[in-house]
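Starting from 1, each residue takes its place in the sequence as its number.
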Amino acid sequence: MNDAAKYLEQVRSELGDSWLSQVYVQRVLKLRTRAYDFPALPKNAAPQIHHTLLGIELKVGRRRMLCPDLATARYLSVFARIGCRAVAIPYDITKISMIADELDSSCHRMLLISDRLTADRNAAFRARIRRQIIGKVRDEIAKAGAGLRVPEFRQSTKQRTEPQKGTKRNAKP
């Protein structure tokens, strides 16, 4: 195992269950989701969230993506930062904010741990470790997949056999 791989494993072991791709698989893909494909994004462009008259936009490089709310923009910014091509978005908007917090925290912790572990090394080595960590997370998320384009709606046609409480049963003659 080379030097860079050792640092990568140290970062992963320190994060434990809060490793970004593990959070994505355990928290997001277990829910009902819809797929989101990013347009072609420039490399190393920092995502920015803009509040405009038309709503919330996520800007990455020169590309602007309209988002329905701030939580979705924060959620997508994490994946845009690491360069994912497609991700799953929870269909239930009440869950997005909490998951976005967890993903953002995981991403920042991952980079901070990497910087702390490589503080005694030169800048080129630190940059290479960061690229490898981000590349590994991106590959794991791509391998996990983005789910279905449109979420599955389960419609049960099962009808009640008993009347609801408080209603009278119709007598059949």
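Each of Gln48, Arg64, His50 was scored for a side-chain hydrogen bond (donor to acceptor under 3.5 Å, both in side chains) with Glu57, with one residue passing: Arg64. The only option from Leu31, Thr72, Val28, Leu76 that meets the side chain to side chain contact (heavy atoms under 4.5 Å, CB included) definition with Ile96 turns out to be Thr72.
For the pair Leu70 and His51, the minimum side-chain heavy-atom distance is below 4.5 Å. Val11 is listed as a side-chain neighbour of Met110, based on a closest heavy-atom distance under 4.5 Å. Looking only at side-chain heavy atoms (C-beta outward), Ile129 and Leu117 stay at 4.5 Å or farther from each other. Here the side chains of Asp115 and Arg130 are in contact, with some heavy-atom distance below 4.5 Å. Looking at heavy atoms from C-beta onward, Leu20 lies out of side-chain contact with Leu15 at the 4.5 angstrom threshold. Between Val78 and Val87 there is no side-chain heavy-atom pair separated by less than 4.5 Å. At least one side-chain heavy atom of Pro39 sits less than 4.5 Å from a side-chain heavy atom of Met65. Looking at Arg81 and His108, their side chains come closer than 4.5 Å, going by heavy atoms from C-beta outward.
Summarising the local packing, CG of Asp120 is surrounded by more than 12 heavy atoms from other residues, nucleotides or ligands at distances under 6.0 Å. The 12-atom threshold is exceeded at CZ of Arg116, counting heavy atoms of other residues, nucleotides or ligands nearer than 6.0 Å.
Within the 6.0 Å centre-distance limit, the rings of Phe79 and Tyr24 are counted as a close aromatic pair.
Between Cys67 atom SG and Tyr36 atom OH the span is 6.0 Å, to the nearest 0.5 Å. Here Glu102 contributes atom CD and Ser97 contributes atom OG; the two are 11.5 Å apart, rounded to the nearest 0.5 Å. To the nearest 0.5 Å, the span separating CZ on Arg128 from CG on Leu8 amounts to 11.5 Å.
For the residue pair Ala73 and Leu58, the shortest heavy atom distance occurs at O-CD1, 4.0 Å. The two residues Gly61 and Pro42 come nearest to each other via the heavy atoms CA-CG, 3.8 Å. The shortest non-hydrogen separation linking Ala146 to Ala88 is O-CB, 3.3 Å. For the pair Gln26 and Lys30, the tightest heavy-atom approach, listed with the atom from each and the gap, is O-CG, 3.0 Å. The shortest heavy-atom contact between Glu140 and Arg12 is OE2-NH1, 2.7 Å.
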Subject >> From CA spacing to verdict: ring pair (Phe, Tyr, Trp, His ring centres under 6.0 Å), Tyr7, Phe125 >> reply: CA-CA 11 Å; Tyr7 282 107; Phe125 184 79; 5.4 Å; yes
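A chain of hydrophobic side-chain contacts below 4.5 Å, direct or via other Ile, Leu, Val, Met, Phe, Trp or Tyr residues, connects Leu41 to Ile49. Side-chain heavy atoms closer than 4.5 Å link hydrophobic residues (I, L, V, M, F, W, Y) into clusters, and following such links, even through other members, never connects Ile134 to Leu112. Tracing side-chain contacts under 4.5 Å through hydrophobic residues (I, L, V, M, F, W, Y), one never reaches Met98 starting from Ile56; they form parts of separate clusters.
Side chain of Tyr75 to main chain of Leu103: no donor-acceptor pair is present (N/O by atom type, distance under 3.5 Å, no hydrogens or angles). Arg138 contributes a side-chain N or O that, together with a main-chain N or O of Ile82, makes up a donor-acceptor pair within less than 3.5 Å. Formation of a donor-acceptor pair under 3.5 Å by the Thr118 side chain with backbone atoms of Ser114 is found in this model. Remark: the backbone N or O of Ser18 is paired with a side-chain donor or acceptor of Ser106 at under 3.5 angstrom.
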